[in-house]
Amino acid sequence: MYRVMLIDDDVPMLKVLQQMIDWEANNLQIAGSTYSSAKALHMFEEVQPDIVITDIGLPQKNGIELADHFMRVKPEVRIIFLTCHEDFHYAQQAVKLQADDYLIKDQLTAEQLEQSLGKSMNLLKMRTGLIHREGANYNSQLFRQDLLQRVINGSPSEATQAYAAQLGISWTYPWFALGLVSIRLSSFDKRFRQTELPLILYAVYNIATELSESYEGITPFMEQGNIVILHNFRVNLAQNASLHLHHYLQRLRYQCLQFLKIQPNVVSVTDKMELSSIGSVYQDIFHGKYEFYENTDYTMLEASQIRTRWFQAAPQGFLDSYVSELERMLMKQDLDGIRAALQKIAGTAKELSIDPGDFARDLSSMLRSIELMFSSLKFEEDLFAYLGLARTLEDMMELVERRLIQTIGTRKTGAGSPTNEPKLQVIQQYIDQHLDDNITSIDMARYLFLNPSYFSRYFKRLTGLTFTDYVHQYKMKMATKMLRMSGQNLESLAMELGYSDRTYFSKVFKKYVGTTPSEYKAKYTARK
């Protein structure tokens, strides 16, 4: 009997997997399950599973990092990835993890799960498989990261070049150029969820690495949510080094669009730089976001341009005058008016050359104040995370515009208040009657005498949410009321709402409310 380990940061999904098939009849045993990637590392050592089914988008360590760790500990282990997004097949073409399967949660059926597990068991029988990778390959990635850190830290050039040579990287020429490639989050947000960002970055890195094999002197690295490109070259009348790097970056952009349906942002410094000076230039670009008010393909011909760039701190309340205008446009459901107001905000920020970090902070505060004015308006927390990560003003404003327009579309179709649907009223009644239980879509489907897969698709069309998200949101709204109205402790409140673990309850609360239960209660108490 093969041992299986389940990992997903959504506890109801773990229950769905456990209920979906007859594990013993399939010659399988669930050896362990956990919602925590930290616990998963310890559990793997203890239970030594043959097959791991893991969500890709886990906090702390994501599914990719866990899979790498598991394969170092037990190279023959089989991996099946779970993903939330139906458009994941775009990323599969670029990701080289070669897992046994990628299963989409909302579309998962018992037959699909059994098929995937069957594939893994057959590969275990053969004791060979697609996901096996030599430890040396994994270690080479660690060595590459170490090499980039030496460059960033300004280690002596000769020692760094010698270290690169040991890794098969030939930096024999005297000069370097630098490229920084990041994901344009407004294009990512169209197709993927925030939890899949590490995976898509990994896919971009794979594309960059494959392309570099055809371009002399170009070496990609993955660092801090970006791809760093180093171009080693010599001054040569027969070849223009700037055009060489530019052509590489253009091909990288094209393949990202083709395979992943996302658009990258690119900033490059094509000046002649010595290896020892690259680290400080990289740090300035990465932290300074000097391309913020430029387009998505910004080239600085000279490193000295970085020092001449400056931003000013945002004047206190400089966005306050736009709040009432946006609120009026939202109430009138005036799309053109919303776009015009956002263009004014962007124009003001650019004219004043507001610091990108200050602008992201003030824009987030403005959106939260607008959110309070409309009971049907609720921005997902990923939007605020994206605003902090976005490297260009254009990307930031496109994210905001799309979310506001989506809100209007939801209100027009009535999806924001679907309580008139008879079946949804029945579902809400069932949730109310089972508040202290961990309800899954399978439980609900059985109650309604529906096929679980059909119910999941029906519910997503009805509400725009997965059933799990809907239940969590419903319970968290109740939790906020209970925190304001009662003095019960968090343990009893969590138990009352079906969360047996206080830590997990706090995590879900923060995801849907934006603060921890303790912070929320303290803030509410302070207002009294």
Side-chain angles (χ1 to χ4, degrees), residues 3-18 30-85 88 91 95-105 108 113 116 120 131 133 135 138-139 141-142 145 192-203 205 222-225 381-382 385 389 438 440 466 468-469 472 494 499-512 516:
R3 298 163 64 80
V4 182
M5 181 172 158
L6 308 176
I7 310 167
D8 198 303
D9 64 332
D10 202 336
V11 171
M13 188 63 203
L14 291 175
K15 188 176 175 183
V16 166
L17 290 170
Q18 292 164 351
I30 297 178
S33 65
T34 180
Y35 64 85
S36 163
S37 54
K39 291 180 180 178
L41 294 171
H42 297 294
M43 185 178 289
F44 186 88
E45 302 277 356
E46 294 173 4
V47 305
Q48 289 289 307
D50 303 297
I51 302 169
V52 173
I53 301 177
T54 179
D55 184 18
I56 289 173
L58 296 166
Q60 297 176 323
K61 276 188 178 293
N62 60 56
I64 301 167
E65 295 169 315
L66 285 180
D68 271 333
H69 176 85
F70 296 157
M71 286 184 288
R72 281 185 289 132
V73 175
K74 187 175 180 179
E76 69 273 19
V77 68
R78 312 310 308 172
I79 305 291
I80 296 173
F81 281 119
L82 295 169
T83 179
C84 294
H85 206 280
F88 183 75
V95 177
K96 306 298 181 185
L97 291 175
Q98 297 180 301
D100 290 351
D101 215 341
Y102 297 86
L103 301 177
I104 299 170
K105 292 182 183 181
L108 184 60
L113 183 58
S116 297
S120 295
I131 202 163
R133 288 179 288 175
Y138 178 83
N139 290 333
Q141 294 302 318
L142 294 180
Q145 290 177 340
F192 302 103
R193 297 187 180 185
Q194 184 188 5
T195 54
E196 291 169 327
L197 190 55
L199 179 78
I200 301 307
L201 181 69
Y202 186 91
Y205 172 71
M222 191 156 58
E223 170 72 8
Q224 299 188 77
E381 283 302 308
D382 60 357
L389 293 172
N438 191 354
T440 70
T466 65
T468 298
D469 279 337
H472 282 324
Y499 298 95
S500 57
D501 185 295
R502 171 182 168 169
T503 303
Y504 179 62
F505 169 73
S506 297
K507 175 187 159 188
V508 174
F509 189 95
K510 185 170 184 179
K511 177 180 178 181
Y512 292 96
T516 66

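Bear in mind that the values here come from a model prediction, so they are computed numbers and not experimental data.
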Could you tell me which residues satisfy side chain to side chain donor-acceptor pair (under 3.5 Å) with [X], sequence neighbours excluded, listed by chain and number?
X	result
Q18	S33
T54	none
R502	E491

Answer whether the closest heavy-atom distance between the side chains of [X] and [Y] falls below 4.5 Å.
X	Y	result
V4	P49	no
L113	I53	yes
S116	L103	yes
L197	L389	yes
Y35	L58	no
M5	I51	no
D469	Y512	yes
L66	I7	yes

Who passes salt bridge (charged side-chain N to carboxylate O under 4.0 Å, His left out) against E45, sequence neighbours left out? none
With sequence neighbours excluded, what pairs up with D9 under the salt bridge (charged side-chain N to carboxylate O under 4.0 Å, His left out) test? K507
Side chain to side chain contact (heavy atoms under 4.5 Å, CB included) between L17 and L108, intermediate numbers included: CA-CA 9 Å; L17 290 170; L108 184 60; 3.9 Å; yes
Out of curiosity, H69 NE2 to S37 OG, how far, rounded to the nearest 0.5 Å? 11.0 Å
List for me each residue that meets side chain to side chain contact (heavy atoms under 4.5 Å, CB included) alongside [X], sequence neighbours excluded, and say none if there are none.
X	result
Q194	D382, A385, Y386
K510	T516
T468	D10, P12, T466, H472
L201	I183, M222, I227

Stepwise, does the side chain to side chain contact (heavy atoms under 4.5 Å, CB included) test hold for L199 with I64? CA-CA 7 Å; L199 179 78; I64 301 167; 3.3 Å; yes
Provide the full list of salt bridge (charged side-chain N to carboxylate O under 4.0 Å, His left out) pairs with a residue in residues 55-64, sequence neighbours left out, each pair given once. D55-K105
Which atom names give the shortest non-hydrogen contact between [X] and [Y], and what distance separates them?
X	Y	value
D501	T503	OD1-N, 2.7 Å
V47	A31	CG1-O, 3.6 Å
I80	S120	CD1-OG, 3.6 Å

Does the pair K74 and Q48 meet the rule for a side chain to side chain contact (heavy atoms under 4.5 Å, CB included), with working shown? CA-CA 8 Å; K74 187 175 180 179; Q48 289 289 307; 3.6 Å; yes
SB check D50 R3 (cutoff 4.0 Å): no
Which word best sums up how the rings of Y102 and F81 line up, parallel for under 30°, tilted for 30 to 60°, or perpendicular for over 60°? parallel
